[in-house]
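Everything below concerns the one structure shown next.
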Protein chains: 2
Amino acid sequence: MPKEGVSIQVIRRLPRYYRYLSELDSEGIEKISSTKLAVMMNSTASQIRQDLNCFGGFGQQGYGYSVAGLRTEIGKILGLEQQHNMILIGAGNLGKAIATHLSFEKLGFKLTAIFEKDEKLIGTSLRGIEVMSDDKIEDYVKENQIDTAILTMPKEAVEKIIDKLYACGIRSYWNFSHYDISKKYLDATVENVHLSDSLMTLCYRITEKNQIG
Amino acid sequence: MPKEGVSIQVIRRLPRYYRYLSELDSEGIEKISSTKLAVMMNSTASQIRQDLNCFGGFGQQGYGYSVAGLRTEIGKILGLEQQHNMILIGAGNLGKAIATHLSFEKLGFKLTAIFEKDEKLIGTSLRGIEVMSDDKIEDYVKENQIDTAILTMPKEAVEKIIDKLYACGIRSYWNFSHYDISKKYLDATVENVHLSDSLMTLCYRITEKNQIG
DNA sequence: TAGATTGTTAATCGATTAACAATC
DNA sequence: TAGATTGTTAATCGATTAACAATC
């Protein structure tokens with residue numbers, strides 16, 4: 001029963017809680033207090049308790065939180081027990097890495113198909129999934145229940161294909177390109193990963209530190 | 001002359017401004033007002049003006065901002081004209097993708113060497129850069145001016161190698177692993193990219209939307 | 001000059017932190 | 001019971017938005 005309107009800041013902290021709890025759990029630790037978790041995560045006890053209480057009272061006064069229990073709860077909140085069917089479009093270097101690197105099943109998804117424009121790559125296989133020609137996308141999406149697409153191709157390629165994806169019902173995108181999907185499709189759920197932006201902010205911070213220090 | 005203490009929110013918006021201005025510039029557009037830029041970027045004129053004025057008055061009253069001029073200024077603020085020498089450690093799928101996918105030179109960096117533990121990969125070449133054995137890192141870093149490392153290897157591998165990296169002077173990390181560098185080395189500049197966290201938040205938002213809609 | 005748009009101050013809003021009563 | 005720690009309310013802090021005088 002996640003409440004409506006939880007702020008994006010809180011939501012972005014949930015996977016981090018989940019990771020730390022998973023680690024504690026695998027170490028066999030059974031309980032944790034917000035204070036101790038805060039020290040581990042370089043956060044504050046107040047923030048942790050506030051964040052969790054957006055979704056429910058998972059702790060026990062005088063005791064703390066059950067590590068395994070809280071981990072499970074956060075997993076449920078994130079919706080990880082589901083398996084949203086997803087396709088990946090763009091089997092270049094980045095697409096290949098994303099397809100092979102992640103444990104989609106643990107993250108609420110199932111990667112069921114990979115599409116690519118470049119004929120040289122079509123017919124090859126990643127993770128046991130055959131790379132198909134991207135003009136088969138529409139048929140595939142209609143025949144299978146696909147709600148999410150990973151876009152690991154250049155901006156221009158996304159621009160060309162996005163209308164087709166939206167038209168066949170895909171409303172959720174993990175977007176590695178610089179194409180601005182939300183601008184065109186206001187109701188789409190878009191998670192952008194802008195690697196170059198990330199690297200630029202690192203550059204800024206190095207530059208800043210050198211100037212001050 | 002970037003001022004000290006500009007908030008991380010503002011800094012994270014700079015690359016985005018830079019991108020949109022680059023695009024306008026390549027379209028031959030010479031001037032832009034904060035209002036129009038806000039519409040393009042789905043932001044607000046107020047926020048844009050506030051953000052820019054953390055660093056200086058780049059506009060002209062009654063006119064707006066020079067696209068090319070503002071782009072250049074933001075580039076300078078980000079420090080993109082520099083070329084921080086960086087190494088990449090971990091030439092697996094993800095490392096390969098990162099090494100080949102990005103234009104480091106445009107982002108303030110120069111990738112000068114790639115290291116890997118797996119002997120099968122040593123001697124291969126990415127972007128014309130030979131993949132070397134990771135026991136050559138120390139010597140290489142000492143002989144070359146390296147300030148940044150890209151970490152595209154598992155948490156456990158980072159844990160093993162981080163002390164060595166810090167000891168030979170690397171203070172800046174683009175970290176794709178789940179190892180928490182900042183916790184151990186408080187003065188390190190760390191930019192984390194947690195792909196699985198990103199995907200989990202997408203899962204959350206799909207789940208949330210399904211429940212409400 | 002009149003119109004446009006910035007730079008900047010003030011007002012609002014929201015997120016984080018602190019405090020503490022409830023309770024295990 | 002006493003001690004610990006939560007859940008939750010209140011206080012603070014900071015970021016965003018609005019307003020407007022300055023000025024091109």
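Just so it is clear: chains get the letters A, B, ... in the order the sequence lines come, proteins before strands, and each one is counted from 1.
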How many Å lie between [atom1] on [X] and [atom2] on [N], as a whole number?
X	N	atom1	atom2	result
A:F58	D:dG7	CZ	C1'	12 Å
A:D51	C:dG14	CG	P	17 Å
B:M41	D:dT16	CE	P	13 Å
A:F55	D:dT6	CZ	C1'	18 Å
A:N53	D:dT8	CG	P	5 Å
A:E73	D:dT6	CD	C1'	16 Å
B:Q9	C:dT16	CD	C1'	12 Å
A:Q60	C:dC24	CD	P	8 Å

Under a 4.0 Å N-O cut-off, is there an ion pair linking B:R19 with A:D197?
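Yes, B:R19 and A:D197 are salt-bridged.
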Here the helical stems involving DNA chain D, each at least 3 consecutive Watson-Crick or G-U pairs closer than 3.5 Å, sorted by first residue number, are C:3-24 with D:3-24
Determine the contact category for [X]: base if any of its heavy atoms lies under 4.0 Å from a base atom, sugar-phosphate if only primed atoms, P, OP1 or OP2 are that close, otherwise nothing.
X	result
B:S7	sugar-phosphate
A:T35	nothing
B:T44	sugar-phosphate

Quick one: which of [options] gets closest to the side chain of [X]?
X	options	answer
B:R49	D:dT6, C:dG7, C:dT16	C:dG7
A:S34	C:dG7, D:dT6, C:dA15	D:dT6
A:Q47	D:dT5, C:dT16, D:dC24	C:dT16
A:Y65	D:dT5, D:dG7, C:dT16	D:dG7

Taking OP1 and OP2 of D:dA15, is either one under 4.0 Å from a side-chain nitrogen or oxygen of B:R12?
no
For the base of D:dT6, is there a side-chain donor-acceptor partner from A:Q50 under 3.5 Å away?
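Answer no: no donor N or O sits under 3.5 Å from an acceptor.
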Using a distance-only criterion (donor-acceptor N/O pair, under 3.5 Å, no hydrogens), is the base of C:dT6 paired with the side chain of B:Q61?
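Side chain to base: pair present.
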Salt bridge (charged side-chain N to carboxylate O under 4.0 Å, His left out) for B:K184 and B:D163? Distances and angles first, verdict last.
CA-CA 9 Å; B:K184 185 158 192 184; B:D163 293 338; 3.0 Å; yes
In this structure, is the centre-to-centre distance between the rings of B:Y65 and B:F58 below 6.0 Å?
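Ring centroids of B:F58 and B:Y65 are no less than 6.0 Å from each other.
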Between B:K36 and B:S46, which is nearer to the 5' end of DNA chain C once each is assigned its nearest nucleotide?
B:K36
Between A:Q82 and B:T207, a side-chain donor and acceptor under 3.5 Å
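Indeed, the side chains of A:Q82 and B:T207 share at least one donor-acceptor pair under 3.5 Å.
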Can A:S198 and B:W174 be counted as having a side-chain donor-acceptor contact under 3.5 angstrom?
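Judged by distance alone, the side chains do pair up.
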With under 30° as parallel and over 60° as perpendicular, where do the rings of B:F115 and B:Y140 fit, or are they tilted in between?
perpendicular
Whether B:R171 engages the ring of B:Y166 as a cation-pi pair (distance to the six-membered ring centre under 6.0 angstrom, angle to the ring normal within 45°) should be assessed.
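Because its charged atom sits under 6.0 Å from the ring centre and within 45° of the axis, B:R171 does stack over B:Y166.
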Under 3.5 Å, which donor-acceptor pairs do the side chains of residues 91-101 of chain B form with other protein atoms, sequence neighbours left out?
{"residue": "B:N93", "atom": "ND2", "partner": "A:T100", "partner atom": "OG1", "Å": "3.1"}
{"residue": "B:T100", "atom": "OG1", "partner": "A:N93", "partner atom": "ND2", "Å": "3.1"}
{"residue": "B:T100", "atom": "OG1", "partner": "B:K96", "partner atom": "O", "Å": "2.8"}
{"residue": "B:T100", "atom": "OG1", "partner": "B:A97", "partner atom": "O", "Å": "3.3"}

